[in-house]
Amino acid sequence: MARYNVPLFSRLYQLKQHLESLITQALEKLQEQQEITMVEKPFVHIERTRDTRHGDFACNIAMSLAKTAGCNPRQLASQIINHLPASDRIKNVAIAGPGFINFFLNDNIYQSIVTDILTQASGFGRSEHGQGQSILVEFVSANPTGPLHIGHGRGAAYGAVISNLLESAGYKVDREYYINDAGRQMDILAVSILLRYLELCGDPVPFPEKGYQGSYIVAIARDLYAEHGMKFHISLDGLVAQGWIDREPETQLDELIRYALDKLGTADFRTVLDSGLNQILAGIRKDLEEFGVTFDTWFSERSLSEGQGLQHYLAILKQHGHAYEDNGALWFRSSAFGDEKDRVLIRENGQPTYFASDITYHMSKFERGYTKAIDLWGADHHGYIARVKAAIQALGKTPDVLDILLVQFASLYRGKEKVQMSTRSGEFVTLEQLRAEVGKDAARFFYVMRRCEQHLEFDLELAKSQSNDNPVYYIQYAHARICSVLRQMREKGYAYNQEEAFANLGLLSEVHEQRLLATLARYPDIVQLSALSYEPHQIGYYLRELANDFHTYYNTHQFLVESGPLRNVRLSLSLATRQVIRNGLAILGVSAPEEM
RNA sequence: GCGCCUGUAGUUCAACUGGAUAGAACACCGGCCUUCGAAGCCGGGGGUUGCGGGUUCAAGUCCUGCCAGGCGCGCCA
């Protein structure tokens with residue numbers, strides 16, 4: 001996975017910059033006084049500490065310079081500290097461990113984050129990092145041959161959250177679903193429907209093993225029959241007479257497709273096919289909408305074959321010697337771009353491969369003006385990455401304009417027990433069933449709780465449980481609790497006075513308040529980091545931590561106190577917390593209820 | 001056989017992208033409701049980061065060799 005050196009523009013970033021410049025100044029002074037000699041300008045790295053005992057920020061410069069400077073790190077650290085310029089933001093500086101320089105900041109340093117959050121509201125955490133650059137995120141793109149299952153659900157949730165994250169980071173994001181409405185799978189769908197339809201016509205034949213077995217096919221056939229009656233009734237006697245029933249599974253389908261096309265004619269065959277396609281697609285769309293996942297474009301594979309795109313790109317590939325003919329087929333020399341072997345573009349029978357239209361499709365993304373494309377694929381497609389990247393390179397793009405994220409499979413558990421699924425018989429748990437059982441919020445949250453390359457174990461019992469076992473409720477509870485405090489406030493006859501709060505931020509001096517403030521201040525960095533590294537789980541973990549800080553604070557201190565300044569300032573901190581929880585949950589597509 | 005991914009507490013996972021004593025949750029043990037929601041809080045035990053080498057002041061993180069699991073290796077999509 002791509003890792004990024006992330007420039008940040010938040011309050012924390014400014015603090016880091018400040019400390020960095022202090023260190024640099026100290027080093028320059030040391031060099032002037034010839035206390036140390038440096039060959040080249042050192043890279044000063046400031047990082048947040050994990051442990052509050054180590055202060056707020058730490059610098060490792062003394063350790064990385066010790067060797068070239070020829071002295072021991074702790075001694076060097078002390079020299080650096082002695083030459084640090086004065087700063088009103090620093091309370092204390094200390095040497096620790098093997099030579100870390102630890103910075104302890106003044107208590108008031110984070111207090112104004114409350115003002116930032118409450119004035120920026122839903123905009124808090126957003127940045128302009130992407131500078132409006134446009135990105136196309138393509139995800140789900142499940143074949144429209146049946147309802148979405150729980151594996152697709154993960155891709156849907158993941159893609160939606162990554163899109164939200166990138167928007168928050170200042171990119172212009174479009175979400176796209178690529179509809180594989182062309183090719184053999186569609187034909188198999190058509191004949192599967194046709195056979196069920198013929199059963200309704202009173203003319204049943206054995207159903208092929210590799211046809212689509214799901215009951216939704218029967219439902220589609222029923223609608224077709226209701227609308228068109230016997231219009232598509234054909235006799236399969238001729239096919240059966242040729243010994244069709246005993247053929248190999250794949251040839252069985254091919255013969256059936258050929259026979260049906262011949263008997264029905266392309267127009268009627270297409271009508272049968274489209275009746276299934278449209279119905280299934282409508283179902284998928286509704287399913288995703290109810291899951292809070294929407295797309296800007298639904299891009300049809302068929303529409304590609306109607307244009308000249310493929311011919312255009314094939315011509316370019318040939319022109320540059322990247323395509324050649326062999327055994328009657330047209331091949332792409334992908335091995336020249338790091339793929340294991342060359343790939344067929346046009347089959348011996350003249351039909352383009354799926355890969356060929358995929359090249360056209362991916363190039364269309366850049367033709368449409370996107371500077372970057374992100375694909376989310378099921379992990380079983382990883383062998384396909386090399387050839388697609390090879391293709392866009394051969395067509396003049398750098399490989400990094402396309403990022404492909406592999407989403408590992410999800411397996412379902414009911415407590416300890418694994419829920420068995422078999423795609424072969426068509427008995428898999430659908431996304432719709434999952435949503436019905438655990439609800440949208442839990443499903444969305446659980447799906448993005450793990451890094452995408454991590455296999456997900458989805459525990460239905462846990463997702464359903466309304467207890468502290470369940471991180472979704474834990475975070476939502478913090479939000480509801482804050483809302484409840486405000487209700488209590490009104491009942492007690494108080495009104496929140498923000499002016500008074502902002503004038504008294506200095507009162508936020510308790511340990512728990514300081515901790516909460518520091519956590520809140522991290523939010524913009526977390527958003528940007530998880531956006532640029534495509535790691536939504538960081539938001540979930542962060543929100544859990546934030547909720548924990550709040551619950552702890554809540555349990556230790558009373559907010560609705562008599563003193564106006566203290567009451568209002570504590571309420572402002574609570575409101576700021578509520579705002580950040582809302583913003584974070586919004587990115588995840590999880591609701592923030594006012595009461596539970 | 002080759003390629004990609006994964007391996008961290010009993011379990012499910014983090015680890016600020018090379019930093020300090022590897023952290024959470026669940027489970028287990030013990031405390032906290034007359035006070036803004038106990039769907040909460042506080043404390044405790046629990047680890048040879050799959051194994052072995054190497055690079056580095058510093059390795060769960062980088063390199064390398066094994067071991068185990070998953071996925072892929074079509075003129076299917």
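Every chain is numbered from 1, with letters handed out A, B, ... down the list of sequences.
Nucleic acid contact class of S484(A) (heavy atoms, under 4.0 Å, all strands): base. Residue H557(A) is classed as a base contact, given a heavy-atom separation below 4.0 Å to a base. Counting non-hydrogen atoms under 4.0 angstrom, T49(A) reaches a base of the nucleic acid. Nucleic acid contact class of A478(A) (heavy atoms, under 4.0 Å, all strands): none. At a threshold of 4.0 angstrom between heavy atoms, the contacts of R74(A) with the nucleic acid are absent.
Place H551(A) and A96(A) on RNA chain B by their nearest nucleotides, and A96(A) ends up nearer the 5' end.
Out of A20(B), C5(B), U17(B), the shortest distance to the side chain of N102(A) is found at A20(B). Picking from A39(B), C41(B), U6(B) the nucleotide with the shortest atom distance to the side chain of Y473(A) gives A39(B). Which of A20(B), A15(B), C36(B) sits closest to the side chain of F100(A) comes down to A20(B). When the nucleotides A39(B), U12(B), A24(B) are ranked by their closest atom to the side chain of E457(A), U12(B) comes out on top. Of the listed nucleotides (G37(B), C16(B), C13(B)), C16(B) has the atom at the smallest distance from the side chain of R50(A). Nearest nucleotide to the side chain of Y477(A), out of U35(B), A39(B), U6(B): A39(B).
Here the two rings, on Y413(A) and F458(A), have centers that are 6.0 Å apart or farther.
Distance, I46(A) CD1 to G19(B) P: 15 Å, rounded to whole Å. The separation between Q538(A) atom CD and A24(B) atom C1' is 14 Å, rounded to whole Å. As rounded to whole Å, 15 Å separates atom C1' of A14(B) from atom CD1 of I539(A).
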| query | Can you check side chain to side chain donor-acceptor pair (under 3.5 Å) on E535(A) and Q538(A), steps first, answer last? | reply | CA-CA 6 Å; E535(A) 291 177 350; Q538(A) 304 232 21; 2.6 Å; yes
| task | I would like to know whether Y553(A) and F559(A) meet ring pair (Phe, Tyr, Trp, His ring centres under 6.0 Å); could you show each step before the answer? | result | CA-CA 10 Å; Y553(A) 176 39; F559(A) 302 165; 4.9 Å; yes
| Where along nucleotides 69-77 of chain B does protein come under 4.0 Å, by heavy atom, of base (B) or sugar-phosphate alone (S), with - for untouched nucleotides? | --BSSSBSB
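Salt bridge status for R387(A) with E340(A): absent, with no side-chain N to carboxylate O gap under 4.0 Å. Salt bridge status for R258(A) with D254(A): absent, with no side-chain N to carboxylate O gap under 4.0 Å. Between E562(A) and R567(A), none of the side-chain N atoms (NZ, or NE/NH1/NH2) sits under 4.0 Å from a carboxylate O, so this pair counts as no salt bridge. Taking a cutoff of 4.0 Å between a charged side-chain nitrogen and a carboxylate oxygen, R582(A) and E594(A) qualify as a salt bridge. Checked for salt-bridge contact, R515(A) and E510(A) miss the test: no charged N lies under 4.0 Å from a carboxylate O.
Note: Y324(A) and W331(A) have parallel aromatic rings, judged against thresholds of 30 and 60 degrees for the angle between ring planes.
Annotation: cation-pi pair R481(A)/Y554(A) present, NZ/CZ under 6.0 Å from the ring centroid and within 45° of its normal.
R302(A) pairs by the salt bridge (charged side-chain N to carboxylate O under 4.0 Å, His left out) definition with D274(A), not counting sequence neighbours.
Of the side-chain N and O atoms in Q488(A), one or more sit less than 4.0 angstrom from OP1 or OP2 of G37(B). At U6(B), none of the side-chain N or O atoms of R450(A) fall inside 4.0 Å of OP1 or OP2 (strictly under the cut-off). Residue Q454(A) places none of its side-chain N or O atoms closer than 4.0 Å to OP1 or OP2 of U12(B). Taking side-chain N and O atoms only, Y554(A) has no distance below 4.0 Å to OP1 or OP2 of C33(B). Note on S64(A): every side-chain N or O is 4.0 Å or more away from OP1 and OP2 of A58(B). Listed pair N548(A) / A24(B) fails the phosphate criterion, with no side-chain N or O lying under 4.0 Å from OP1 or OP2. In this structure, R481(A) does not reach the C36(B) phosphate: none of its side-chain N or O atoms is under 4.0 Å from OP1 or OP2.
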| field | Bracket notation of RNA chain B in which parentheses pair within the strand, [ ] cross earlier pairs, and | pairs with another strand (Watson-Crick or G-U, under 3.5 Å) | value | (((((((..((((.....[...)))).(((((.......))))).....(((((..]....))))))))))))....
